[in-house]
Amino acid sequence: MDAWTTLESRGFVKQVTDPETLKKALSSGTVTYYAGFDPTADSLHIGHMLPVMAMAHLQRAGHVPIAVVGGGTAMVGDPSGKTELRQMLTSDDIAKNMTGMRTQLSRFLVVDGVRGHMIDNGEWLLKLNYIAFLRDIGRHFSVNKMLTADAYKLRLEKGLSFIEFNYQLLQAYDFLELFRRFGCQLQIGGDDQWGNILAGTDLIRRVDEKDAWGLTFPLTTTASGAKMGKTAAGAVWLDANRTPVFDFFQYWLNVDDRDVGRFLKLYTFVPLDEIARLEALQGADVREAKRVLAREVTTLVHGAEATAVADAAGSAMSRGEATADLPTVALLPEDRTVVDALVRGALAKSKGEARRAIEGGGVTLGGEKVVEREAALPDVGDGLVLKVGKSRAVRLVKSA
RNA sequence: GGGGAGUUACCCGAGUGGCCAAAGGGGGCGGGCUGUAAACCCGCUGGCAUUAGCCUACGUAGGUUCGAAUCCUUCACUCCCCA
């Protein structure tokens, strides 16, 4: 299956600048393509996985990815889809964040400088000369046209600062720079990037009189309309220190029934015919499809071993069994009550929340429902399972 | 530069001197039902404290008052109209 068909049949394609010529290029030769990642945190979250997966599919088909970490553009901030000016990052933050993101990206992509590249756009953006930039690049942008774009219309109601207004120029310039350095002809990104991507293809046409393509992915939301990868605890991160593997696995296992097929196509490499079989499952059997989804995605991100542990722990937990595979929490001598243990195990943010959880009847200790709000903690022996609700549990042990 | 409106908890948003840790909705969490799903029903949703109660919080910093989210002043920020 060629790269285009793969992307299209798996649901990656929302908008394309010139589908016919792009199809042809992807099936007949090697295309160098890029996607940008803003280093706004030191880890990717699952919202980033869509571009990453798309890049991986293309690379597997022999095309050459450039992962651009936006050290330069992060200094400015993309206003697309944001309703207010976002916090400015310091250069120190950006540098730190870039390190973390690079490590994660290299798990999905081969970036050996031949088959794939990873680059910081700060390399060229930070050196730009203002006047030269205005004369060479700025003159190709029509303010009238920019203002008619939806991305800016929204912001015109709430206020848009000049620095943000320039973001699009910088992203367009990135594309031009990559086109010149690497012959990069395709930029891919979320659908909210459509305007910025078009600005790039337009710029390449105007300045170098060459054609380039843009492709966007559908904005993924869950069936219930929520943004992908957001939980009460915040985003679902790829870094196990931010989102434990167990929680990561559970996130995928608990997706809405209606999302399973779509997510299998987008977030795993499971072949389409196998996905078709899984999608056809009905009723309680849908769990099988969810388990495949959770295993595949977690394996991609955290490896097979950690995935097996998280999977086994989840199964055991749903049966209410104690297991060594749950996240282990060491109690301290001052933890005397179940309430203390809940807070220690991060199952409750405060003692008040812990008490409410007990009063709500959602806490079990070693399989027994805790009814006493101030119940004392029994001897945990060599491990006692403390559980809140259906899918959050830890294994308590004595302090080391 | 001038004039006007505004800033309330995770989000939206009500509240114009005590009955306000602050209506309502959304979101989230817990329970029931179920399949670790959805829908639906019920409960909870600042912190500490067993209870009483205490502390912190209505943009910021002061003030008036027995008492302030509510009144006055300062500063910051946002939006609208005019230039």
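Throughout, a chain's letter reflects where its sequence line sits, starting with A, and its residues are numbered from 1. In what follows, every heavy atom counts, from backbone to side chain, and hydrogens, waters and symmetry copies are set aside. The structure displayed is predicted, hence computed values, not measured ones.
Across all strands shown, A/K351 has heavy atoms under 4.0 Å from sugar-phosphate atoms exclusively, and none from any base. Contact annotation for A/V363: no contact, since no heavy-atom pair falls under 4.0 Å across all strands. Counting non-hydrogen atoms under 4.0 angstrom, A/E359 reaches nothing in the nucleic acid. At a threshold of 4.0 angstrom between heavy atoms, the contacts of A/R291 include nucleobase atoms, whether or not backbone atoms are also involved.
Taking the C1' atom of each, B/A52 and B/U60 are spaced 35 Å apart, rounded to whole Å. As rounded to the nearest Å, B/G59 and B/A68 have P atoms that lie 15 Å from one another. The separation of B/U64 from B/U70, taken at their P atoms, amounts to 15 Å, rounded to a whole angstrom. Taking atom C1' in both B/A14 and B/G25, the straight-line distance is 11 Å, to the nearest Å. For the P atom pair drawn from B/C82 and B/G13, the interatomic distance equals 25 Å after rounding to whole Å. A distance of about 11 Å separates the P atoms of B/A37 and B/C29, rounded to the whole Å. Across B/A39 and B/U7, the matching C1' atoms stand 38 Å from one another, rounded to whole Å. On the C1' atoms, B/C81 is 27 Å away from B/C72, given to the nearest whole Å.
The residue among A/A284 and A/V343 whose nearest nucleotide of RNA chain B is located toward the 5' end is A/A284.
Side-chain atoms of A/R206 come within 3.5 Å of backbone N or O of A/H140 as a donor-acceptor pair. A distance-only check finds no donor-acceptor pair linking the side chain of A/R295 to the backbone of A/D311 [under 3.5 Å]. A/T17 contributes no side-chain N or O that, together with a main-chain N or O of A/W213, makes up a donor-acceptor pair within less than 3.5 Å.
The CG atom of A/N254 sits 15 Å away from the P atom of B/G35 (whole-angstrom rounding). Rounded to a whole Å, the CG atom of A/D257 is 9 Å from the P atom of B/A37. A/Q282 has its CD atom 15 Å from the P atom of B/G35, to the nearest Å. Per the geometry, CD belonging to A/E288 stands 15 Å off C1' belonging to B/A37, to the nearest Å. One atom, OH of A/Y251, and another, C1' of B/G28, lie 14 Å apart when rounded to the nearest Å. In this entry the distance linking CZ of A/R258 with C1' of B/G35 reads 15 Å, nearest Å. Straight-line distance from the CZ atom of A/R262 to the C1' atom of B/A37: 15 Å, rounded to whole Å. Between A/Q250 atom CD and B/U36 atom C1' the separation is 6 Å, expressed in whole Å.
Using Watson-Crick or G-U wobble geometry with both donor-acceptor distances under 3.5 Å, B/C40 finds its partner in B/G32. Across the strands present, B/C54 finds its partner in B/G47; the criterion is a Watson-Crick or G-U wobble pair with both atom distances under 3.5 angstrom. Applying the Watson-Crick and G-U wobble criteria (two distances, each under 3.5 Å), B/G17 pairs with nothing in any strand. B/U73 is paired with B/A61 under the criterion used here, namely a Watson-Crick or G-U wobble arrangement in which both key atom distances are under 3.5 Å. The pairing partner recorded for B/A22 is none, the criterion being a Watson-Crick or G-U wobble arrangement whose two distances lie under 3.5 angstrom. When both pairing distances are held under 3.5 Å, B/A9 makes no Watson-Crick or G-U pair with any nucleotide shown.
Side-chain N/O atoms of A/R355 include one lying less than 4.0 angstrom from OP1 or OP2 on B/A49. Contact check, A/R392 against B/G30: a side-chain N or O comes under 4.0 Å of OP1 or OP2. Applying the 4.0 Å criterion to OP1 and OP2 of B/G47, one finds that A/R356 has a side-chain N or O inside that range. For A/S350 and B/G46, the shortest distance from a side-chain N or O to OP1 or OP2 is not below 4.0 Å.
Taking the six-membered ring for Trp and thresholds of 30 and 60 degrees, A/W252 and A/Y267 have ring planes inclined between 30 and 60 degrees apart. Using bins of under 30°, 30° to 60° and over 60° for the plane-to-plane angle, the ring pair A/F182/A/H117 lands in the tilted bin.
For the side-chain contact (heavy atoms from CB on, under 4.5 Å) with A/V260, the qualifying choice from A/V286, A/L278, A/I275, A/V292 is A/V286, the only one to do so.
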Notebook entry, point to check: Given A/E296 and A/T307, is the side chain to side chain contact (heavy atoms under 4.5 Å, CB included) satisfied, shown in steps?
Noted result: CA-CA 9 Å; A/E296 291 290 329; A/T307 301; over 6 Å; no
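Considering only the side chain of A/R287, B/U36 comes nearest among B/U36, B/U50, B/A37.
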